[in-house]
There are 2 protein chains.
Amino acid sequence: MATLSDIGVAAAINILSAFAFFLAFAILRIQPVNDRVYFPKWYLKGLRCSPLANGAFVSKFVNLDFRSYARFLNWMPAALQMPEPELIDHAGLDSAVYLRIYLLGLKIFVPIAFLAFTIMVPVNWTNNTLEHSGLTFSDIDKLSISNIPNGSLRWKFIALSFLRKPRSGKQLGFFPTPRFWTHLVMAYAFTFWTCYVLKREYEIVASMRLHFLASEQRHPDQFTVLVKNVPPDPDESVSELVEHFFLVNHPEHYLSHQVVYNANKLSELVNEKKKIQNWLDYYQNKYERNPSKRPLLKTGFLGLWGESVDAVDFYTAKNERLSRDISLEREKITSNPKSIMAAAFVSFKTRWGAAVCAQTQQCRNPTIWLTEWAPEPRDVYWENLSIPFVFLTIRRLIVAVAFFFLTFFFVIPIAIVQSLANIESIEKALPFLKPIIEVKVIKSFIQGFLPGIALKIFLLFLPTILMIMSKFEGFISLSALERRSASRYYFFQFINVFLGSIITGTAFQQLNSFIHQSTNEIPKTIGASIPMKATFFITYIMVDGWAGVAAEILRLKPLIIYHLKNFFLVKTEKDQEEAMDPGTIGFNTGEPQIQLYFLLGLVYAIVTPILLPFVIVFFALAYVVFRHQIINVYNQEYESAAAYWPDVHLRIIVALIVSQLLLMGLLSTKEAASSTPLLITLPILTIWFHRFCKGRYEPAFVRNPLQEAMMKDTLERAREPNLNLKGFLQNAYIHPVFKSADGDKIDVAMEEWEVEPSLIATKRTSKRSTPLSSKHSVSSFSSPEDNKERSKP
Amino acid sequence: MATLSDIGVAAAINILSAFAFFLAFAILRIQPVNDRVYFPKWYLKGLRCSPLANGAFVSKFVNLDFRSYARFLNWMPAALQMPEPELIDHAGLDSAVYLRIYLLGLKIFVPIAFLAFTIMVPVNWTNNTLEHSGLTFSDIDKLSISNIPNGSLRWKFIALSFLRKPRSGKQLGFFPTPRFWTHLVMAYAFTFWTCYVLKREYEIVASMRLHFLASEQRHPDQFTVLVKNVPPDPDESVSELVEHFFLVNHPEHYLSHQVVYNANKLSELVNEKKKIQNWLDYYQNKYERNPSKRPLLKTGFLGLWGESVDAVDFYTAKNERLSRDISLEREKITSNPKSIMAAAFVSFKTRWGAAVCAQTQQCRNPTIWLTEWAPEPRDVYWENLSIPFVFLTIRRLIVAVAFFFLTFFFVIPIAIVQSLANIESIEKALPFLKPIIEVKVIKSFIQGFLPGIALKIFLLFLPTILMIMSKFEGFISLSALERRSASRYYFFQFINVFLGSIITGTAFQQLNSFIHQSTNEIPKTIGASIPMKATFFITYIMVDGWAGVAAEILRLKPLIIYHLKNFFLVKTEKDQEEAMDPGTIGFNTGEPQIQLYFLLGLVYAIVTPILLPFVIVFFALAYVVFRHQIINVYNQEYESAAAYWPDVHLRIIVALIVSQLLLMGLLSTKEAASSTPLLITLPILTIWFHRFCKGRYEPAFVRNPLQEAMMKDTLERAREPNLNLKGFLQNAYIHPVFKSADGDKIDVAMEEWEVEPSLIATKRTSKRSTPLSSKHSVSSFSSPEDNKERSKP
């Protein structure tokens, strides 16, 4: 077991590396040439111009103002200065509330650490159990619960302590009181404090969300409902069917609708074209820089062999062919009724109408005409829009089983790969590599590195695998996909990182032993090994939490890619804009990581409070770093108005319950089993608290109150009585591949709509004149057809 | 262990007693004097007149037509003759669907029994394991899985069986095939069959419900929504607040509302008065029959001592005092704003409007302005209408903890009572009883009877206790109360009857041993003892299921009470009507009992198929008996349109999963552990099936599709364009104590409404003239005040 000084050394190394990252960041970020890497958000908002445009040639690329190097940490206070309302305005509610998770960590753990260090650590320290036990121990163990004598909570001790009164307060440390009482009382105090903070935070976030939604500008999603599982009809097209259904069932509120096209193939083609365009640009740049020589290209595999052709001509031809394919595909989609999916975005005249439709059941068969509040247009995951109900449930079953095997058996394929990928088999397969491999240094490097590499690769790809699972499951918005992946990732980490580190062994071995163990043994087994793993987790926090977070701010990968792109591809200002990769927060990987720290903090708060400062440092550091990144870098793909908060809340509750169960297990191994009835009430109360919060606050994240909708409607009607809502909504929910890159054609289409006289033509009357009005609403979609011309380069 | 002949004897006894009950019923039911006991439903419907009215004196009371005695079982075909649509019309959908539960039992178990007896029983029978084992065994065990040799499912056996092909089909019985494969295949077949039947039944019931709701006449609950947790407002009364809120948020649909008065004290007084009235009638009758002597009464405890007074005068005075109190209380309720609860019934102009309001969230705070579809007026449980959200969650926690203790620790208080209530302590407390107790026969009777009596009393009161728990929990309709009680009762029976009989010992001992047992041991422990308990459960089914159901038809308790009342209290035809006690199905006790049979049938289907015929006989018998009772006797208090079906479905699914787990446990003790992976898929598939059904059918029982509502609205508008809906709804949701016993005053109030000119006065405009319109809707409630005059006797 590590001593305090071991941990000190590890801390020093990690602090130094974090410091090195910060230093590198501080130097790189003030170089004008990197400006677009470290401030892309401002460029995207149009609030910052390229510093390359003015000034001397050298100062375009390197910052020569040496004073600015002295203030290399001044980004920290700058990141903290922006007030929250401005932050919400600047980066959206999702990001602002995401930062609150770090703050929540501080709010929970700073008072807990304070209590623990003033009350619990002295109680632990003043025992001599470990010294008398003859076991090896470190100073950290002296501060932990391991230093408390067994059976401190026996009832006879309590009786004794009432008989012998302490003579003075000073002697408290030496008085043989039942010391575990301290831990029990602390467990209650920590639980109540955590619940209190959680409740307050839930309340604040809920009201922030409602306020955000209420003060929002007019958005298409406020008026729109996504209808899934439109039943097939032999006589009518999907579009006609949708129109009729909503004209009949929401006669006073229905405004228009937008069918969903199956444009998966088209978007593939468009992506392909983008890639070709990049290569074309690359070769054109090459040719321009060296006009004496036309760049050549081999057409074979990876450009390694095959016939040599002129690269520019080759890609130009390819590009043109693709453009033709794209316009053909576009025509096919819009003309072929089979490419219309059984889903539609239905817009209403009022927010009230949309709220009503989203929250009610439309048809007596609850698996067709499913309505839900439409996600933001940019949040829609188009591929999943038309999965029938039966397939959805089957997919869910498949994914559940697959995820179970992934979590508990992922070690098996990796072990197989590892057993195959040893040096002998490499030598066998590629004998010409033998002389190189046999060099001693390389051999030992490969031997040390190879077994881990399969695992590392797997862990790198894990978020992608989980995301694919979520996509397969059929969620229809990116935010839902990320939320689902996040909970899967959390579960995986809980089993394989947390439990896997405490009880060494693969997840499957754990599962097997748990099945064969009695129910009350499981928390005991885990609980007993918790104090021993404290030093491991402290190191983990420093490496993953401190240095990892500091590395995040450096953005090494985007930095390299940006400069590569800039060198090879960029011709225009617009290209430069595209070369920036601002990235996103990455909720699906980021949030589960934070949750792991909540779990560690809560579990060790009672057992080994020395771990708490490390967690607190992580939360503080990450808060500053991510606040900086959110302000300057990340560009969120969507805005879900903090719809993920119920998940965050639930996971902290789960961590709390796990910590309570493990404390129960630990105390019962310390022969203080009589504490069980006192501790069992804690998880019951916590579960009840969760149910209370769920009922009290969760609806704010799921449903859309009518009062709010009505209020906004009334206000809007008063302010803009002549609003052309139909024009506003017309092209909001068009598949992004139909939208031109700069969106000018769409604007034209919208303008066309606005000048049209019959603004709200599709009213009750159209029930009689259906063919006409239906055609009308189909033709309203003709804009993609108009667009097909311009997509040629 | 019982042999086949033992069971034969038990069966004979139970069949005889069932037969005796039927005979007694057949004789009693054709006596005119019992007509109101056995055909109350027809009286309540006004379709049957008293046979006492005409004919000779003797034939008024005794049936002298001896031919009718010969056809004493002809009620059975009569009960089966009424077709289902007529039954729904006659007794409501609740009752008709309740009968389908019995039919469902037949549908599930008849094919399963057929399969089991043609395939599995021969496979079991042709083994000699038990004969060679040297254990004592019965013929029943020979038919059960116990007769299969251990380890029959080993994979090597399978391999062997593929190598050696049977030479002819005849030798199958002697061929050493892995016989457990039969059981495995059967387990799959039974599961799929059960799920198939369940799915079909769910589908049918759902469509029956929707059809019932659609074809229903106009009901107040179709237009009405119950609003709970109206927030307090210092400036406005609840009534004004409700009106304003719905005028603003549902301007086009709001029609009127009805506040809820806290009339708990009033209804207590009314009940009290009814009791006093009964006594008054009793003494008046006594006096009329014997006018020479005024009946006297002692005023002390239980009429045992105290001053003697004239009974008629005493009760007349008491009655008058109560009448005065009632009218005072009535005035107090209607005049005091504090007696208005924070809840209201809000009515809408269309079913569409009500469906929308019931399914949506009204306010940004999800714990106020809670709306739900109003229960039928007679289904409302008035006492619970105004419990704030926080208290609801706290109450739920308390009840959950209380129910846990009730289930697992109910034995403790009973054991204490038993230890106190032995003969010695009785002799000590009441020494004068000693000579009687010491008589040998009485002593042995008491000794044999006393220990059980506390338990019996507890079990008798259990449904009441569970109902009190549900009431405390805060459900607002009788149907919800009964549903909740039913699931609690089922859980109690599952733990204490099913598990308690299999593993003898109290529930707490079981719980304790389960906690200390490993997870995979639990199904093994239970599974292994299942075959041994088959004979016990067969006897249980015969006593509780056969004889118990036959006793139900006799209605001994209502018969006796009716005749007592008839003799002492009845003066008028109306009194006689009140003396009938038709009773209800009693969903809260009846359904859990049926579920126990489903559980037994499914668990034993594979293990000891001989139990199946007994279950089938129960289902068939109970179906006939309850069909007769529903047609002729029971009078449902409410109509929930089979809202309980999801519960029924869920419990059968639970029984199915339990049977699968126990089979897994049993097979692993039979050294056929390799079957586990094959069997584990069954519960997974079953759970998935449940989730599928839940998504597919449950919404039909919870939500109200807008399409249906709109259809009914449109039809109604076309048929009755001049409908006075406000008049129709005006007094629908008045607390029953405000309604006069025969309801004539209410009708008057309604007629008043209908002649009133301004039919839909409370429209958008009233927002400006609120005080007037609010007063108006309050004064609309004045009918109870008008009624207060007539409640005097």
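Every chain is numbered from 1, with letters handed out A, B, ... down the list of sequences.
- A:W369 does not touch chain B: none of its heavy atoms, backbone or side chain, sits under 4.5 Å away.
- Heavy atoms closer than 4.5 Å to chain A are found nowhere in B:L392, neither backbone nor side chain.
- Between A:L706 and B:N249, the closest heavy-atom pair is O-OD1, 4.2 Å.
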Determine, stepwise, if the pair A:F692 / B:L397 fulfils side chain to side chain contact (heavy atoms under 4.5 Å, CB included). CA-CA 10 Å; A:F692 168 76; B:L397 174 70; over 6 Å; no

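- Minimum interatomic distance between B:Q359 and A:Q361 (heavy atoms only, all atoms of both residues): OE1-N, 2.9 Å.
- A donor-acceptor pair is defined here as one N or O able to donate and one able to accept, closer than 3.5 Å; no such pair exists between the side chain of A:W352 and the backbone of B:H250.
- Judged purely by atom type and a 3.5 angstrom limit, A:Q362 has no side-chain atom pairing as donor or acceptor with the backbone of B:P705.
- Scanning both residues, A:C363 and B:Q707, for their nearest heavy atoms gives SG-OE1, 3.2 Å.
- For the atom pair A:T393 OG1 and B:F689 CZ, the distance stands at 11.0 Å (nearest 0.5 Å).
- Minimum heavy-atom separation, B:I394 to A:W688: CG1-CZ2, 3.6 Å.
- For CZ of A:R691, the number of neighbouring non-hydrogen atoms (other residues, nucleotides, ligands) closer than 6.0 Å is 12 at most.
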